[in-house]
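Right, one structure below, let's go through it.
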Amino acid sequence: MPKKLTIQNVYLSICLLIFLFITYPGATIFQEPVVWYITGLPVILSTYFSCICLVLLFVSRDFIIDKISVLLFIRIFVCLIPLVYISDFSSFSSHFPVVIVSFISYFIGVSGHNSNRDNLVTLIIFGLIICFQVFFTFSKVDVDFFNLGYKSAMSIPIGASNIIASYIVPVLLLFAIRPKQNLILKIILCLIMFSAIVLTKSRGGIISLLSSIIIYKFFIAKYGMGKIILMCAIIAICYIWLLSIPEVSYFFMGYAESDNTNMTIDDLSSGRLSIFTTELQRAFHHPIFGNGMMFNDSTSSSGSHNLIIELFVQSGIIGLFLFVYPIILVIKKGISDLKFSQNNLPWLMIIIAQLIHGMIEVNFFSYSTDIIFWFACGTIMSKTKGNYSAKGRIIYPLN
C-alpha cells in the first residue's frame with residue numbers, strides 16, 4: 001500500500017479497473033469477450049471520474065499548471081472547430097471525451113509529487129491481469145490459433161488482439177528495466193507477458209517490443225553502434241529463419257493472403273498503405289483544423305492506423321502541433337533527467353512503446369491508451385518541476 005494515498009494513486013487504480021472489467025456489447029468489431037465483465041460505458045465512466053478527480057485537485061489547491069497543460073487545454077477547443085463545417089457527428093460523442101480526459105490525465109499526473117513507485121506496481125498488476133485474461137480467452141475460444149478468425153476471437157473487455165498487445169508491451173518493458181528486481185521473478189513474469197503478446201497474434205506488438213528494445217539499448221543504455229548492428233543482424237537472421245516455418249510465416253502475414261504469390265507491400269501490411277494514402281488525401285480537404293472525429297464506412301472505420309496521419313486528419317496542422325510538441329518536451333526532459341536519476345525510465349519506455357505501436361496500429365484516441373499515456377507524460381514532468389508554494393500551487397511561465 002502507498003505510504004500516503006494520493007489522488008494520483010486513486011485515479012490510476014480506478015481507471016485501470018474500469019478498463020479491465022467494464023465494457024459493452026459491440027464495443028469492438030470483434031467477438032464478445034469470454035472473460036467476465038460488467039456491462040457499462042467505460043468512456044463515460046472514465047470521463048466522469050476524471051472530472052471528479054480534477055475537481056478534487058482544485059479543491060485541494062495541490063496542482064500544477066505548466067506549458068503542456070495549457071497546450072492540451074487549447075487542444076480541446078481546437079478539436080471542436082471542425083464541427084462548424086463538418087455535418088457528420090457520428091463518432092464525435094465517443095471520441096471527443098478522450099481529448100478531455102487526455103488533458104485531465106496529464107494534469108493529474110503532473111500535479112503528483114510523490115515517488116510514483118506505487119503507480120508502477122499498479123501498472124504491472126494491470127498488465128498481469130490482462131495476460132491472464134488473454135490466457136483464459138485462448139483456452140476458451142474454439143478457433144485455431146493459425147486460423148485468420150483467431151484475431152477476431154481474441155477479445156477481452158479492454159479491446160482485441162492488437163489493442164491488447166499495445167498495453168502488455170509497455171508493462172513488460174517497464175518491469176524488465178526496473179532496477180533491484182529479483183532476477184528469477186523478472187524472467188518468469190517477462191515470459192508470461194511475452195507469451196500473452198504472442199497469443200494476441202499481434203504483429204504490431206512484436207514490432208513495437210523489438211523496436212523499443214533497440215531504442216532503449218542505443219539511445220538510453222548507450223550501447224555502441226557495433227552492438228546495435230549486431231543485435232539487429234541477429235534479429236534479422238532469426239526473423240528470416242522463422243519465416244521459413246509455415247506456421248510462423250502465416251502468423252506474420254496477418255490479414256494478408258499467405259498463398260498469394262504476387263503479394264505486394266500493401267498486402268503484407270494488411271492494406272495499411274492504402275489506408276494511409278486515402279486518409280492523407282482526406283486530411284488535405286481541411287489541412288488547418290482537420291476533418292473532425294469521423295469514423296464510418298466512407299472513411300476508415302477504425303482510423304488511419306498511424307498516429308501522425310490520424311492527428312492530421314482529425315485536427316489538422318494545429319491539432320497535430322498541440323499533440324506532438326508536448327510529447328517532444330516530455331521525451332526531451334525524460335532523457336535529460338536520466339543523467340541524474342533512473343526514476344523516470346519506466347515511464348519514458350511506456351511513452352516510447354505506445355508511440356511506436358501507434359505508428360502501425362489503432363491504439364491511440366481511445367480512453368484507456370490516452371489516459372495511461374498522458375498520465376505517464378505528466379509523471380515525468382512532475383519530477384522536474386520546482387517546489388510547491390505555500391498554497392500548494394505553481395503557475396509556470398510559458399517561455
Side-chain angles (χ1 to χ4, degrees), residues 65-82 95-107 109-110 166 170 204 207-208 211-212 215 219-220 272 275-276 279-295 300 303-337 344 347-382 384 396 398-399:
I65 299 175
D66 65 350
K67 180 190 297 185
I68 296 178
S69 299
V70 174
L71 292 174
L72 293 179
F73 185 73
I74 294 173
R75 179 172 173 252
I76 294 175
F77 297 96
V78 168
C79 289
L80 290 172
I81 292 177
H95 288 88
F96 181 70
V98 176
V99 181
I100 298 175
V101 298
S102 295
F103 158 72
I104 296 176
S105 183
Y106 174 83
F107 193 76
V110 78
S166 72
I207 292 171
S208 64
S211 301
S212 299
I215 289 175
F219 291 101
I220 299 175
R272 296 286 195 274
I275 294 175
F276 293 167
E279 291 295 281
L280 276 174
Q281 291 173 350
R282 191 161 72 93
F284 283 101
H285 293 166
H286 300 283
I288 305 301
F289 292 108
N291 295 265
M293 299 172 181
M294 293 189 299
F295 300 93
S300 173
S304 303
H305 288 77
N306 180 277
L307 172 61
I308 301 300
I309 295 176
E310 188 60 42
L311 283 167
F312 188 23
V313 171
Q314 285 190 16
S315 51
I317 293 293
I318 304 299
L320 179 62
F321 170 79
L322 292 173
F323 192 100
V324 173
Y325 181 60
I327 294 174
I328 293 174
L329 294 179
V330 171
I331 293 177
K332 180 180 177 181
K333 198 63 176 177
I335 293 176
S336 175
D337 286 349
N344 278 337
W347 297 104
L348 185 62
M349 292 309 301
I350 288 175
I351 293 170
I352 290 173
Q354 288 193 319
L355 285 174
I356 292 173
H357 206 99
M359 297 301 167
I360 51 177
E361 298 291 358
V362 185
N363 62 316
F364 276 88
F365 314 109
S366 65
Y367 57 95
S368 44
T369 296
D370 288 54
I371 284 178
I372 295 173
F373 178 83
W374 287 108
F375 186 88
C377 290
T379 300
I380 287 178
M381 299 305 288
S382 72
T384 61
Y396 288 97
L398 302 184
N399 55 6

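We use all heavy atoms of the structure for the numbers below, so side chains are in, but hydrogens, waters and symmetry mates are not.
- Contact record, S69 with Y106: OG-CE2, 3.3 Å, taken as the closest heavy-atom pair.
- Distance NE2/H286 to OG/S315: 13.5 Å, rounded to 0.5 Å.
- Nearest heavy-atom pair across I76 and V99 is CA-CG1, 3.8 Å.
- Between D337 and L348 the shortest side-chain heavy-atom distance does not fall below 4.5 Å.
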Query raised in the report: So Q354 and I372, side chain to side chain contact (heavy atoms under 4.5 Å, CB included) or not? Walk me through it.
Result: CA-CA 10 Å; Q354 288 193 319; I372 295 173; 4.3 Å; yes

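- Between V78 and P82 the shortest heavy-atom distance is O-CD, 3.4 Å.
- Looking only at distances, no side-chain donor or acceptor of N291 sits under 3.5 Å from a matching main-chain atom of Q314.
- For S212, the side chain to side chain donor-acceptor pair (under 3.5 Å) criterion is met by no residue, not counting sequence neighbours.
- The closest side-chain heavy-atom distance from F107 to W374 is not below 4.5 Å.
- From I318, atom CD1 reaches atom CD1 of I81 across 8.0 Å, with rounding to the nearest 0.5 Å.
- Side-chain contact check for I68 versus V110: every heavy-atom pair is 4.5 Å or farther apart.
- Side-chain N or O atoms of S102 include one that pairs as donor or acceptor with a backbone N or O of V98 at under 3.5 Å.
- Note on ring orientation: taking the six-membered ring where Trp is involved, the planes of F323 and F373 are parallel (angle under 30°, cut-offs 30° and 60°).
- Within the model, atoms CG of L329 and CD1 of I380 stand 12.0 Å from one another, a figure rounded to the nearest 0.5 Å.
- Pairing each heavy atom of N306 with each of M359, the nearest pair is ND2-O, 2.9 Å.
- Heavy atoms only, all atoms of each residue included: I356 and S208 are closest at CG2-CA, 3.7 Å.
- If you take CD1 on I317 and CG on L322, they are separated by 11.5 Å, rounding to the nearest 0.5 Å.
- At a threshold of 4.5 Å between non-hydrogen side-chain atoms, the residues C377 and W347 do not count as touching.
- In this structure, CG in L72 is found 12.5 Å from NZ in K67, a value given to the nearest 0.5 Å.
- Judged purely by atom type and a 3.5 angstrom limit, S382 uses its side chain to pair as donor or acceptor with the backbone of T379.
- In this structure S105 satisfies the side chain to side chain donor-acceptor pair (under 3.5 Å) test with no other residue, sequence neighbours excluded.
- F73 pairs by the ring pair (Phe, Tyr, Trp, His ring centres under 6.0 Å) definition with F77, F103, not counting sequence neighbours.
- Note that CG of L307 is 11.0 Å distant from OG1 of T369, once rounded to the nearest 0.5 Å.
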